[in-house]
Each structure stands twice: as C-alpha cells, then as structure tokens.
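Quick note: numbers below take in every heavy atom, side chains included, and nothing from hydrogens, waters or symmetry partners. So you know, we letter chains A, B, ... as the sequences are listed, proteins then strands, and number each from 1.
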2 protein chains.
Amino acid sequence: MISDKKKRVTIKDVAQAAGVSTQTVSRVMNKFSYVSEDTRKRVEEVVERLGYNPSALARSLIQRRSYTLGVVTSGLKHIGPSRTLNGVADKADELGYMLLMKELDNFDNSRVGEAIDSLLARQVDGIVWAAPEIGDNHSWLDERLDRIPVPVIFLSMRPRKGVFSVATDNYQGGAMAIRHLLGCGRKKIGHISGPLAWWEAVERKRAWRETLIEAGLDAREEHCAEGNWSAASGEQAFIRLLESYPDMDAVFVANDQMALSVLREAARRGVSVPSQLAVVGFDNIPESAYFHPSLTTVFQDLQLLGEQAAQIVVEMIQARQQEQPTFAQSKFIQPALIIRESSQ
Amino acid sequence: MISDKKKRVTIKDVAQAAGVSTQTVSRVMNKFSYVSEDTRKRVEEVVERLGYNPSALARSLIQRRSYTLGVVTSGLKHIGPSRTLNGVADKADELGYMLLMKELDNFDNSRVGEAIDSLLARQVDGIVWAAPEIGDNHSWLDERLDRIPVPVIFLSMRPRKGVFSVATDNYQGGAMAIRHLLGCGRKKIGHISGPLAWWEAVERKRAWRETLIEAGLDAREEHCAEGNWSAASGEQAFIRLLESYPDMDAVFVANDQMALSVLREAARRGVSVPSQLAVVGFDNIPESAYFHPSLTTVFQDLQLLGEQAAQIVVEMIQARQQEQPTFAQSKFIQPALIIRESSQ
DNA sequence: CGCTAACATGTTAGCGATAACATAATATCA
DNA sequence: TGATATTATGTTATCGCTAACATGTTAGCG
C-alpha cells in the first residue's frame with residue numbers, strides 16, 4: 001500500500017484554479033455575501049473538481065469559535081450515561097455542533113482541571129458536564145467554574161445557585177413509586193438504595209422516607225439496604241433486607257438492575273411477586289418489560305435529558321454571542337411511572 | 001451574571017510578561033529543547049500566574065496533526081455500541097488522544113461523506129468507524145476510502161482486502177454455542193437470529209447452520225426465526241419458532257435481550273428451561289447472570305474491541321508519520337462461552 | 001448627468017502557535 | 001588557542017482561513 005502524499009487542498013488552490021482571490025472563494029463557501037452568479041458557478045465547479053473541504057480548524061482559530069461542544073462523561077459502559085450521551089449527540093448534530101469527548105472514570109478532582117483545559121485548548125464553545133455527582137466530586141466547581149470562559153451545563157447534579165443544570169426529578173420519581181405502592185394497599189415498604197454517595201441515590205431514598213412519613217407510616221433505617229446499582233449488589237442488599245425487615249410487603253428498588261435480582265431471588269425463595277411482595281424499580285431499562293414478572297418502574301428519559309442539556313448550552317452560547325445576559329436555572333425533567341405486573 | 005470579557009491568554013502575553021520571545025515560551029511548554037534553568041523558572045511562574053493554556057487549535061494548524069481521533073458511532077443508545085465507544089475512549093485517552101464524535105443513526109450513504117468531511121475538516125489524525133455493517137451501508141467504502149488522507153479502522157465489518165478492521169469472531173462464538181449444546185446431548189437446535197441485514201447476525205446464523213451440518217444434523221430454514229435484537233422481537237420470533245419447530249430441545253439466540261424474552265415466554269408456557277429447552281444467548285450483558293434461570297451466553301468483549309481499534313489506528317498514524325508502510329489486516333477477537341443454568 | 005446605494009472583487013492583517021533558520025554565548029577538545 | 005560542539009535565545013515565515021477595509025463597477029434616482 002503506497003501512502004498518499006497528496007497535499008491537502010486549500011482555499012488558495014481553489015482561488016488560483018478559479019482565477020479569483022481567496023476571499024471570493026471564502027464568500028462562495030459561506031454564502032450570504034455578494035458574489036456574481038457567474039463567479040459562484042466557476043468557483044463551485046473548481047471546489048467540486050478538486051474536492052476542496054475547508055479547514056474548520058483554521059476557521060475556528062480566526063473566528064474564535066469552533067462549533068464544537070465538550071462533553072465530559074463518566075461510566076459510559078453503563079446504559080444510563082450512554083443514553084444521555086446519545087441525546088447530547090443527537091441534539092448537537094441537529095444544531096450543527098460536533099462533540100469533543102472526555103471520559104472521566106473514577107476521577108479525583110485533580111484530573112478535572114486537566115480535562116477542562118484540554119477541552120478549552122480546542123476552543124469548545126460550551127461544555128456539557130455529564131458526569132454524575134458523587135461524594136464531593138463537584139467541589140472543584142466553587143473555585144474553578146468562573147474561570148471557565150465558556151458556558152457549562154451540569155447533568156444530574158444537586159441544584160446550586162448560579163449554576164446551570166438539568167436533572168431527572170429523582171425525588172418526584174421516588175415519591176410516585178411509593179404513592180403507587182401505598183395506593184395498592186401496601187403498608188410495609190422497604191427500600192434498596194443506590195450508593196448513598198450519589199446525589200441521585202440520596203434523592204430517591206429521601207423520597208421513600210418522606211413519602212412514607214407523610215402517609216403516617218414507618219421508614220426506619222432497618223427498612224433500607226444500600227446497593228451499588230449492580231445486579232450483584234442488589235441480590236446482597238435484598239438478602240440483608242429480608243432479614244432486617246422480614247414482614248415487608250413491598251420494596252422500592254433504586255434501579256432496574258438491582259430490581260431484577262430482587263425478582264430472581266424472590267422467585268428462588270418462593271416469595272411470590274406481586275402477591276406477597278410488590279416490587280418497583282427505577283429507570284425503565286428496555287429489558288424490564290420482559291422480566292418475569294414484568295417490572296413496574298419509574299421511567300426517566302435520559303435521552304431527553306441529554307437533548308435538553310445540549311439545547312440549553314447552545315442557547316447559552318448564542319446569548320453570550322449577542323451579549324445578552326443569561327440567568328442560571330436548575331431544570332428538572334419529570335419521570336413517569338410505568339405500571340406492570342410486579343406491583344399489582 | 002456579568003459575562004467575562006477577559007481575553008484568552010496567549011503565548012504572546014506570556015512572552016511579554018516574562019520578557020522573552022514567544023519561541024522561548026513555546027520551548028518551555030514543550031520541554032526537550034535548550035532553555036536555561038533560570039528562564040524556565042521565570043516562564044513557568046508567569047504561565048502559572050496568568051493561567052496560560054496553549055491553544056491546541058493553533059498548534060494543530062501548524063503541525064498538521066491534532067492528536068484527535070474521529071469516531072463514527074451508531075446505535076449509541078444500545079449497550080453494545082456504547083461499550084465499544086468506552087473502550088475507544090479509554091485507550092485514546094491513555095495514548096494522549098481526544099475523541100471527536102459523530103453519531104450516524106439510520107444513515108443512508110449520502111450522509112457518510114458529510115460525516116467524514118466534517119471530521120477531516122477538524123484535522124483528525126485517524127478515524128475509528130464503529131458503525132456496524134448493515135445491508136450495503138459500507139458500499140461507499142470502495143470509491144471513497146482511498147480519498148481519505150488519514151488511517152481508518154472499521155469495527156464489526158466483514159473482512160475486506162486492503163482495509164483495516166477488528167471484529168468479534170461471531171462465527172466462532174456461534175460455533176461454541178452450538179457445540180456446547182451438542183455436548184449437552186441436544187440434537188434439535190433452533191435459532192433466533194438477529195436482523196439478517198447485519199453482517200454479525202449472518203455470521204452467527206452461518207455458524208449455527210454449518211456447525212449442525214458438520215455434526216450430521218438438520219438445520220433447515222424452518223428451524224430459524226429472525227428478530228431485530230429487541231426483547232419484543234425475540235418474543236415474537238420465539239412464538240413463531242415454537243410453531244415451525246415444535247419438538248426443538250434447544251435454541252441458540254443471537255443476543256441476550258431476545259434470549260431474555262425466550263426465558264420469560266418459556267416460563268409462561270410451562271416449558272421448563274433447561275430440562276425441556278436449553279437456551280444460549282450472545283453478548284453477556286450484565287443482567288444475563290441474573291435472569292431466571294441464569295443465561296448461558298457467548299461473551300464478546302466490546303470494551304476490548306474498542307481498545308484494540310484505538311490502539312491500531314494510533315499505530316497506523318505513527319507508522320505513517322515515520323513513513324513506514326502498513327499492511328492492512330482484519331483482526332478477530334475471540335469470544336468466550338459462559339455456561340450458566342439455562343443450558344444444563 | 002451627477003450622486004448615492006447596491007453589488008462584486010481584491011488587499012492586508014492577523015488568529016495563536018511552531019518550523020526553520022540565524023545568532024550569540026559558553027564549553028570542550030585536539 | 002583556535003576550531004568545533006553545545007547551549008540559549010531571537011527572528012521570520014507560515015499553517016488555512018476570515019475580518020476589516022479598500023476599490024471598482026453597475027444601477028437607480030431626482
């Protein structure tokens with residue numbers, strides 16, 4: 001295989017071949033400026049013939065904008081984050097932006113600065129921070145955020161004053177699940193939470209506790225077990241919960257994967273779902289409709305979450321372009337309860 | 001919120017503040033060149049103080065390389081493609097590359113040119129084509145590929161002469177599944193395939209047919225039903241298959257999601273798995289270990305697939321840099337059989 | 001017919017960095 | 001001690017494009 005040493009076709013080559021200035025070629029490529037029909041035709045022909053593809057890089061450099069968004073993700077191997085990324089990608093594409101990705105797994109705060117710098121070095125016009133809030137992994141924000149010269153939007157983050165964010169309304173989702181179980185006549189509702197370092201897990205658990213208390217029922221710590229989102233951890237948590245809360249008649253599980261384990265372990269032990277134990281999950285992964293029994297769950301639209309994030313950050317970019325002020329907002333996306341066999 | 005109108009700190013600002021030339025600053029930033037200890041200190045201090053972050057854009061322009069890979073993905077909302085992307089991202093990060101993403105769902109070949117151009121316009125050093133081969137969606141390759149001036153590697157594509165590719169060995173995976181079932185004494189093995197426009201689905205089906213024939217057994221068209229990878233389609237396919245092949249004693253299902261439906265539908269109809277019907281899936285999604293019964297499946301390492309792709313494309317880039325020739329190769333990654341309850 | 005407005009094109013400068021070359025000071029060695 | 005190598009720094013010319021300004025040409029109007 002012979003390596004092609006063909007040089008890149010530049011605007012100069014086109015200009016020369018068409019017998020015009022580079023500026024004229026630039027005008028043809030970017031429309032909306034005075035070029036005679038005649039010249040336009042001629043230039044377009046040359047462009048076609050030489051296969052000219054303008055360097056977005058050079059353009060970004062002079063225009064000081066790249067039509068590129070930076071996306072910081074984490075846990076991409078899980079379905080949730082990749083759904084979100086998909087939403088961001090779709091909307092960005094629709095709005096004429098590309099995505100520059102930075103995966104940031106198990107990160108300590110020291111790697112954050114690096115990640116941001118590497119995005120900014122490439123002139124991204126805005127940043128979508130799609131790594132979830134875990135422990136204090138967003139603490140860098142206080143001292144670093146206002147030194148970032150482009151708009152940033154955060155996903156799945158606890159609302160903060162002066163910061164743009166979008167998240168599923170985890171509290172509402174949890175409350176819906178519990179109210180549904182209450183509506184089905186259940187009174188002893190346990191909870192298998194996600195890892196409580198996660199903001200989202202805390203919110204779902206808080207919804208469980210507060211909704212039960214509002215209804216005048218018990219929500220003690222022994223009625224709850226903590227998992228780490230994985231099916232394996234769900235099994236363990238369920239086993240512990242069965243011991244600490246033996247007469248429980250329903251369980252709200254913080255995600256579908258752990259709920260799957262609950263269904264299986266219940267089947268194994270001859271605990272009948274839903275008659276003896278009602279189960280409600282969270283997420284609505286595609287498989288959950290095909291669990292046995294099918295799983296009642298809280299649907300969160302992560303695709304939409306991503307789309308909204310991209311939309312908002314682009315609006316922020318445009319506002320800044322036009323020197324309009326923007327006002328930080330924390331947006332919530334409402335989840336929906338999907339009732340299936342496991343709860344009734 | 002007042003918008004910061006602070007200008008970007010450039011190499012010139014640093015040079016001026018430190019009382020040296022921009023070239024010297026450049027030398028300090030890039031190491032490995034003669035700079036006195038004294039000057040280096042001074043410049044580094046200024047860099048720190050002003051918060052200078054060199055423009056990768058400007059550097060890319062003059063160096064004609066961006067340390068960025070283009071990734072073309074498809075179906076990111078599914079777990080498979082995002083696992084692969086995760087692999088690419090991890091390895092790219094490790095090798096000092098960033099990722100410029102282009103999502104290409106339901107694409108016709110006309111959008112392909114656009115996608116490639118938009119990546120090339122941003123000077124990507126290489127391209128990872130992670131959109132699977134479906135129908136003739138790779139036909140553009142013949143006439144376009146050698147006009148792409150950077151290395152390209154294709155994932156999950158039928159091997160082609162003169163083209164770099166990496167894929168799971170789907171045929172081997174299928175063969176493993178069938179041989180395992182034969183080893184368990186099954187003789188009437190049905191198949192639920194993926195959509196046969198997909199190369200991967202075709203390979204798995206071919207493995208089913210040929211392995212059975214090698215063993216002197218039947219593999220007729222009525223023993224097979226086609227799904228579209230989704231759990232819903234799996235259910236339908238299984239129902240059809242039960243009619244066209246009523247005395248089947250095992251079924252090889254082309255992915256785990258469809259296999260999940262098979263397990264559920266079997267349970268519903270009182271068909272006992274594995275005693276009456278053995279089931280083997282493909283993929284090893286995390287949930288499959290927690291199906292009831294747990295699912296025997298063929299594990300394909302998509303993370304590794306992505307990593308290998310990134311690794312190879314970077315090697316190609318380096319080879320080209322040093323004007324070494326490269327020789328196209330089609331690489332296969334071996335899957336592994338994971339035996340669980342559903343087959344024995 | 002002269003004056004302005006709209007159209008059409010070209011020229012120059014510069015985005016922010018590095019390559020390539022030039023220069024000067026110091027160190028090393030025959 | 002002069003020649004050569006090493007170290008340290010600066011100058012100039014791009015990379016490929018567009019902004020900003022300049023200049024000409026044609027059309028429209030009172």
- Message: Students should find this one: the first and last nucleotides of DNA chain D, 5' to 3', lying under 4.0 Å from a heavy atom of chain B. What are they?
- Response: D/dT7 to D/dG16

Please tell me if the side chains of [X] and [Y] come closer than 4.5 Å, counting only heavy atoms from C-beta onward.
X	Y	answer
B/Q308	B/K91	no
A/V313	A/I127	no
B/F164	B/V152	no
A/V166	A/S330	no
B/W129	B/V112	yes
A/R111	A/L104	yes

- Could you give the angle between the helix axes at the two ends of the helix from C/dC1-D/dG30 to C/dA30-D/dT1, with five pairs per end, rounded to 10 degrees?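 Roughly 40° between the end axes, to the nearest 10°.
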
- Message: With salt bridge (Lys or Arg N to Asp or Glu O under 4.0 Å) as the criterion, how do A/D117 and A/R144 come out once you've worked through the C-alpha distance, each side chain's angles and the decisive distance to 0.1 Å?
- Response: CA-CA 11 Å; A/D117 284 345; A/R144 184 72 161 80; 2.7 Å; yes

Salt bridge or not for [X] and [Y], using N-O below 4.0 Å?
X	Y	answer
B/D93	A/K102	yes
B/K77	B/E103	no
B/E44	B/R49	no

- Item | Sub-4.0 Å heavy-atom contacts from residues 46-64 of chain A onto DNA chain C, ordered by number | A/L61, A/I62, A/R64

- At under 4.0 Å, does any side-chain N or O of B/K12 touch on OP1 or OP2 of C/dC15?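 Looking at the OP1 and OP2 atoms of C/dC15, one of them is under 4.0 Å from a side-chain N or O of B/K12.
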
- Message: If the cut-off is 4.0 Å, is B/S26 near the phosphate of C/dA17, judged by side-chain N/O to OP1 or OP2?
- Response: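 So the side chain of B/S26 is outside the cut-off, no N or O lying under 4.0 Å from OP1 or OP2 of C/dA17.
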
- Message: Using salt bridge (Lys or Arg N to Asp or Glu O under 4.0 Å), reason through A/R40 and A/E45 one step at a time and then give a plain yes or no.
- Response: CA-CA 9 Å; A/R40 151 157 288 129; A/E45 268 170 33; over 6 Å; no

- Grab the CD-C1' distance between B/Q23 and C/dA17 for me, whole Å please. 9 Å

- Message: What is the separation between atom CZ on B/R27 and atom P on C/dG16, rounded to the nearest whole Å?
- Response: 21 Å

- Message: Does B/S36 reach a base, just sugar-phosphate, or nothing at all? Heavy atoms under 4.0 Å.
- Response: sugar-phosphate

